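Contents: one structure, followed by commentary.
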Amino acid sequence: MEKGMISVDRWEEGSQAYFLSHLHADHTLGLSPVWNHGPLYCTRITARLIPPKFPGFDLSLLRIVDVGRWYPLSLVSVSSGSETNAQFMAIDANHCPGAVMYLFRGEFGTMLYTGDFRWELTCKIAQMGKKMLLSALKNDKVDTLYIDNTYCNPSYSFPTREVAAQQVVNIINSYPEHDIIIGVDTLGKEDLLLYISKMLNLKIWVWPERLQTMHLLGLHDNFTTKTTLTRVRAVPRYSFSVETLEGLNTMRPTIGIMPSGFSWGLKKVGSKDEYSGHFLKETEMDIDFHRNIRNRYTNNIEKHHQYIYTVPYSDHSCFPEIVEFVKFLCPNNVKGIVSSSLSYIDPCYHLRNIYGTSSLYQKHLIEEERERVEGICKSTSDNFTEEKRKKKKDKKVSFVLNV
DNA sequence: GCGATCAGTT
DNA sequence: CACAACTGATCGC
């Protein structure tokens with residue numbers, strides 16, 4: 001086994017093939033207009049979005065992949081010089097436009113890297129993904145699953161995006177005379193905006209760069225940059241704040257809507273202290289608990305300010321979906337690709353009940369013991385905070401496949 | 001002047 | 001408060 005033949009969402013020199021799951025900034029750290037470390041595999045949609053994000057990028061490096069078919073990958077062992085053959089398949093990740101998971105198969109075993117993904121089986125795209133995984137894996141087991149563990153904590157649960165989208169429409173309908181602003185990023189949530197546009201039969205204002213993105217995605221009819229045409233505007237999330245809303249309300253009555261999976265757990269479970277103790281020390285966290293949380297909060301809309309609503313519209317899998325996904329695959333190993341805050345806890349900790357007294361959790365305990373011995377794990381809350389702060393500085397995402 | 005990293009924001 | 005995702009300031013050359 002050698003290091004560094006394949007990189008996924010990592011861009012340092014030294015790999016023979018580079019895979020990009022999707023074009024969000026936290027997966028492209030290290031990519032730049034002058035990057036040229038090797039062939040870059042991505043979907044056609046992602047490829048189309050690269051030039052505006054990285055002007056001057058060498059497009060001859062791109063290798064376009066379609067979902068649902070195996071591609072050969074010829075790799076050379078750095079030490080022995082011998083060739084080894086592998087295959088990979090891209091599967092729609094149901095996250096943002098162009099986003100895929102990558103399934104790899106070779107003498108190193110079978111690995112699945114989900115990238116950011118939403119395992120929402122009421123959605124056709126996820127159903128298709130499931131079919132592709134089933135037919136690709138046949139009787140193979142996934143040896144290592146690298147999973148989007150953003151919300152891999154039982155506190156996180158939210159409804160389907162269709163339900164959340166209808167909640168947004170309901171809010172807008174309940175303010176027929178108001179302007180509406182919706183916080184979005186540079187990519188993603190297009191389906192939400194389309195749903196609003198179609199249900200309310202209006203165009204949605206977006207900022208000029210965002211309109212260009214919409215056009216590259218083939219969306220020409222539902223968006224505009226002319227403010228006078230519409231009362232609904234999608235604005236960059238970083239410019240969406242209480243101050244913004246208060247400022248706008250001095251001119252016209254305006255309601256802000258923030259579609260997001262976050263704010264959907266901790267404070268609902270109990271006080272901060274109560275919860276900290278809970279997930280640090282509690283030893284049996286059962287599925288019933290998750291289900292109760294889900295049932296209680298699935299359809300809540302949160303109005304946390306005079307002018308602002310938060311709606312649980314998320315492009316990441318919530319905890320019950322992660323559980324469903326891991327149960328579906330029964331991988332030998334699970335590793336999280338997100339290392340920040342809550343989710344830095346080994347996902348196996350929260351997933352251990354899936355296999356009962358599973359090997360996953362045994363591995364977690366061994367890992368935990370190793371960390372304890374190395375003095376990484378601290379037991380007091382002060383030290384926990386300190387550790388959390390340090391962890392947040394860690395590089396997020398991705399892995400380097402060792403072949 | 002630049003790319004990379006840090007700090008701060010919703 | 002938290003998360004993902006982003007911007008803008010600062011650092012190092």
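All values reported here derive from a predicted model rather than from experimental measurement. Only this structure's heavy atoms are used, side chains among them; waters, hydrogens and symmetry mates stay out. Just so we're on the same page: letters track the sequence lines, and every chain starts at 1.
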Q.
Of the options C:dC6, C:dA4, C:dA5, whose atoms approach the side-chain atoms of A:T150 most closely?
A. C:dA4
Q) Taking atom C1' of B:dA4 as reference, at what distance in whole Å does atom CZ of A:F54 sit? A) 13 Å
**Q.** Length of the CG-P vector between A:L29 and C:dA4, whole Å
**A.** 13 Å
Q.
I want to know whether A:F319 and A:Y151 have ring centres closer than 6.0 Å.
A. no
Q) C:dC6 P sits how many Å from A:D315 CG, rounded? A) 12 Å
Q: Report which part of the nucleic acid A:H22 touches: base, sugar-phosphate, or nothing (heavy-atom distance under 4.0 Å, all strands).
A: nothing
Q | Which nucleotide in C:dC6, C:dA5, B:dA4 has an atom nearest any side-chain atom of A:H316 | A | C:dA5
Q. Which ones in residues 180-188 of chain A lie close to DNA chain C, meaning a heavy atom under 4.0 Å from one of its atoms?
A. A:D185, A:T186
Q: Output yes when a side-chain donor or acceptor of A:S15 lies under 3.5 Å from a complementary backbone atom of A:Y18, and no otherwise.
A: no
Q) How about A:F19 and A:F104: are their ring centroids closer than 6.0 Å? A) yes
(Q) Does this structure show an ion pair linking A:D315 with A:R161, if we count only N-O contacts that are shorter than 4.0 Å? (A) yes
Q. Given atom OH of A:Y151 and atom P of C:dA4, what is their separation to the nearest angstrom?
A. 6 Å
(Q) Measure OH/A:Y238 against P/C:dA9 and give the value in whole Å, please. (A) 13 Å
Q: Can you figure out which of C:dA2, C:dA5, C:dA4 approaches the side chain of A:Y156 most closely?
A: C:dA2
Q | Centroid-centroid under 6.0 Å between A:F54 and A:W35 rings | A | no
Q: In whole angstrom, give the distance that lies between atom CZ of A:R237 and atom C1' of C:dA4.
A: 5 Å
Q | A:Y156 side, atom OH; A:E321 side, atom CD - distance, nearest 0.5 Å | A | 14.5 Å
Q | Residue among A:V206, A:I204, A:L193, A:L194 satisfying side chain to side chain contact (heavy atoms under 4.5 Å, CB included) with A:N222 | A | A:L194
Q: Would you mind reading off the distance between A:E13 atom CD and B:dA4 atom C1', rounded to a whole angstrom?
A: 16 Å
Q) Closest to the A:S32 side chain: C:dT7, C:dA4, B:dA4? A) B:dA4
Q.
Rounded to whole Å, how long is the line connecting atom CE of A:M258 with atom C1' of C:dA5?
A. 11 Å
